[in-house]
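All heavy atoms count here, side chains included; hydrogens, waters and symmetry mates do not. Indexing begins at 1, ligand by ligand and atom by atom, following the structure's order.
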Amino acid sequence: MLRIAVPNKGALSGSAMAMLHEAGYQQRKESKELVLVDPENEVEFFYLRPRDIAIYVSSGKLDIGITGRDLLLDSGADAEEILQLGFARSTFRYATKPGTAAGPQDFDGMTIATSYEGIVAAHLTEAGVKASIVHLDGAVETAIELGVAQIIADVVETGTSMRNAGLEVIGDPIMTSEAVVIRRNGAPTDDPKVQQFLRRLQGVLVARSYVMMDYDCRVEHLERAVALTPGLESPTISPLHHEGWVAVRSMVAAKEAQRIMDDLYELGARAILTTAIHACRL
Ligand SMILES: Nc1ncnc2c1ncn2[C@@H]1O[C@H](COP(=O)(O)OP(=O)(O)OP(=O)(O)O)[C@@H](O)[C@H]1O
Ligand SMILES: O=P(O)(O)OC[C@H]1O[C@H](OP(=O)(O)OP(=O)(O)O)[C@H](O)[C@@H]1O
Ligand SMILES: [Mg+2]
């Protein structure tokens with residue numbers, strides 16, 4: 001059985017479980033369930049704190065896990081990311097009250113509050129800055145108002161939490177993060193069970209970001225139409241009963257579908273349809 005760590009709460013949990021469900025795996029129904037066996041797919045899911053997942057995976061007790069790139073880096077665990085999942089995207093940034101500092105070069109002697117001590121300590125060392133770090137579990141934005149620190153380092157998605165606390169982000173982003181699949185460094189790369197799991201998740205990613213496009217076009221316009229819809233390998237072309245016309249079928253990036261439909265119409269294509277892809281193996 002493949003043993004997989006899944007975030008049990010927080011920003012990663014819901015999207016991770018939704019993606020696994022979409023990939024055909026059973027997921028827990030109750031938030032108190034700690035372990036779920038999916039015998040049909042020969043997988044065992046362990047619902048763990050997101051921050052602990054890299055540690056379990058690096059210990060070798062679990063084969064793979066879903067966590068945030070920032071949490072993996074912060075843990076210092078001996079694990080590596082093997083697939084990007086495209087949700088829980090964020091940047092990790094310093095922030096302060098306007099006028100306190102412009103970037104790490106001004107931090108000497110200051111105190112920085114964060115939940116990600118590992119990332120911040122490594123970044124300060126690299127920048128040659130001598131500052132103190134105070135560890136907080138969350139709601140880090142409040143630390144400056146309450147006098148615990150002059151600077152914070154935290155996850156920023158929309159920037160709303162920073163703005164609401166009257167803070168401005170300073171310096172370059174320390175890192176960008178998203179949900180990732182991780183495995184222990186040095187674990188075999190050709191484990192067929194892991195490969196199958198990754199293919200299923202990749203299938204979900206493709207199904208979410210592509211649509212299937214069908215249209216009819218005149219043979220003399222085919223080359224220009226195919227240039228607009230080259231597909232992944234190459235489009236399928238079928239003859240139509242109406243002479244001089246063909247039917248074309250091709251996968252298209254969902255976010256470009258409307259523009260491509262307009263361009264195909266201009267070219268003379270007709271009966272242009274898009275349909276959702278529910279699952280896929282590339
Ligand atoms: N608002 C957000 N938008 C996108 N990603 C986020 C957001 N907040 C946290 N994350 C990401 O979620 C992961 C942190 O998970 P964790 O569950 O510890 O955070 P959380 O949602 O703040 O939960 P908690 O506050 O209960 O600890 C990190 O990878 C982080 O980048
Ligand atoms: O830029 P934003 O869109 O505002 O999102 C970022 C905020 O979201 C998360 O906080 P969460 O709500 O999980 O609370 P926490 O700070 O207690 O972890 C994160 O820690 C930031 O505070
Ligand atoms: Mg949080």
Q. Which ligand 2 atoms, with their elements, are less than 4.0 angstrom from a heavy-atom of Glu141?
A. 21 (C), 22 (O)
(Q) Nearest non-hydrogen contact with atom 8 (O) of ligand 2 belongs to which option: Gly138, Ser161, Ser115, Ser90? (A) Ser161
Q: Using a strict 4.0 Å cut-off to heavy atoms of Gly68, name the atoms of ligand 1 that fall inside it.
A: 29 (O)
Q. What atoms in ligand 2 come closer than 4.0 Å to a heavy atom of Ala139?
A. 15 (P), 16 (O), 17 (O)
Q) Salt bridge between Glu81 and Arg69, side-chain N to carboxylate O under 4.0 Å? A) yes
Q: Working to the nearest 0.5 Å, report the span between CE of Met17 and CD of Gln27.
A: 6.5 Å
Q: State if Arg89 counts as touching ligand 1 under the rule of any non-hydrogen atom under 4.0 Å.
A: yes
Q. Can you tell which part of Ser90 has a heavy atom less than 4.0 Å from ligand 1: side chain, backbone, both or neither?
A. side chain
Q) Among Thr91, Leu136, Val155, Ile152, whose heavy atom sits nearest atom 6 (C) of ligand 2? A) Val155
(Q) For ligand 2, which is the ligand I care about here, please tell me if Asp137 has any N or O atom under 3.5 Å from one of the ligand's N or O atoms. (A) no
Q. Which ligand 2 atoms, with their elements, are less than 4.0 angstrom from a heavy-atom of Val156?
A. 1 (O)
Q. Heavy-atom distance to atom 27 (O) of ligand 1: which of Arg51, Glu157, Arg49 wins?
A. Arg49
Q. By number and element, which atoms of ligand 1 are closer than 4.0 Å to a non-hydrogen atom of Ala88?
A. 4 (C), 5 (N)
Q. Do Tyr56 and Phe46 have side chains that get closer than 4.5 Å, going by heavy atoms?
A. no
Q.
Tell me whether Glu22 is salt-bridged to Arg208, with the criterion being a basic N under 4.0 Å from an acidic carboxylate O.
A. yes
(Q) Given Asp70, Asp154, Asp52, Leu71, identify the one with the heavy atom nearest to atom 15 (O) of ligand 1. (A) Leu71
Q.
Whether Glu145 and Lys97 form a salt bridge (side-chain N of Lys/Arg under 4.0 Å from carboxylate O of Asp/Glu) is what I want to check.
A. yes
**Q.** Residue pair Ile4, Asp63: steps toward the side chain to side chain contact (heavy atoms under 4.5 Å, CB included) verdict
**A.** CA-CA 6 Å; Ile4 302 174; Asp63 300 300; 5.9 Å; no
Q: Give the intermediate values and the outcome of side chain to side chain contact (heavy atoms under 4.5 Å, CB included) for residues Tyr215 and Tyr265.
A: CA-CA 9 Å; Tyr215 56 91; Tyr265 190 89; over 6 Å; no
Q. If only atom types and distance count, is the side chain of Ser75 paired as donor or acceptor with the main-chain N or O of Leu72 below 3.5 Å?
A. yes
(Q) Taking 4.0 angstrom as the limit and counting only heavy atoms of Leu12, give me the atoms of ligand 1 inside it, by number and element. (A) 12 (O), 13 (C)
Q: With atom 18 (O) of ligand 1 as the reference point, say which of Pro50, Ser15, Gly10, Ser115 has the nearest heavy atom.
A: Pro50
Q.
With a 4.5 Å cut-off on side-chain heavy atoms, are Thr91 and Met175 touching?
A. no
Q) Which atoms of ligand 2 have any heavy atom of Thr158 under 4.0 Å away? A) 1 (O), 2 (P), 3 (O), 4 (O)
Q: Examine the proximity of ligand 2 to Asp154 and report which part, side chain or backbone, both or neither, has a heavy atom under 4.0 Å away.
A: side chain
Q. So is Phe87 close enough to ligand 1, meaning a heavy atom under 4.0 angstrom away?
A. no
(Q) Do Leu62 and Leu48 make a side-chain contact, defined as non-hydrogen atoms from C-beta onward lying under 4.5 Å apart? (A) yes
(Q) Below a 4.0 angstrom heavy-atom separation, can you tell me which part of Met162, side chain or backbone, both or neither, approaches ligand 2? (A) neither
Q) Could you go step by step and tell me if Arg200 and Asn41 meet the side-chain hydrogen bond (donor to acceptor under 3.5 Å, both in side chains) rule? A) CA-CA 11 Å; Arg200 281 202 187 194; Asn41 291 302; 2.9 Å; yes
Q: For residues Arg51 and Ser115, determine if any side-chain heavy atom of one lies less than 4.5 Å from a side-chain heavy atom of the other.
A: yes
Q) At a 4.0 Å cut-off, with the gap strictly under it, does some heavy atom of Gly159 reach an atom of ligand 2? A) yes
Q | Numbering as shown, the atoms of ligand 1 that approach Lys9 to under 4.0 Å (heavy-atom distance) | A | 17 (O)
Q.
Can you name the atoms of ligand 1, numbered from 1 with element, that are less than 4.0 Å from a heavy atom of Tyr116?
A. 14 (C), 28 (C), 30 (C)
Q.
Using side-chain heavy atoms (C-beta onward) and a distance below 4.5 Å, is Thr111 in contact with Val148?
A. no
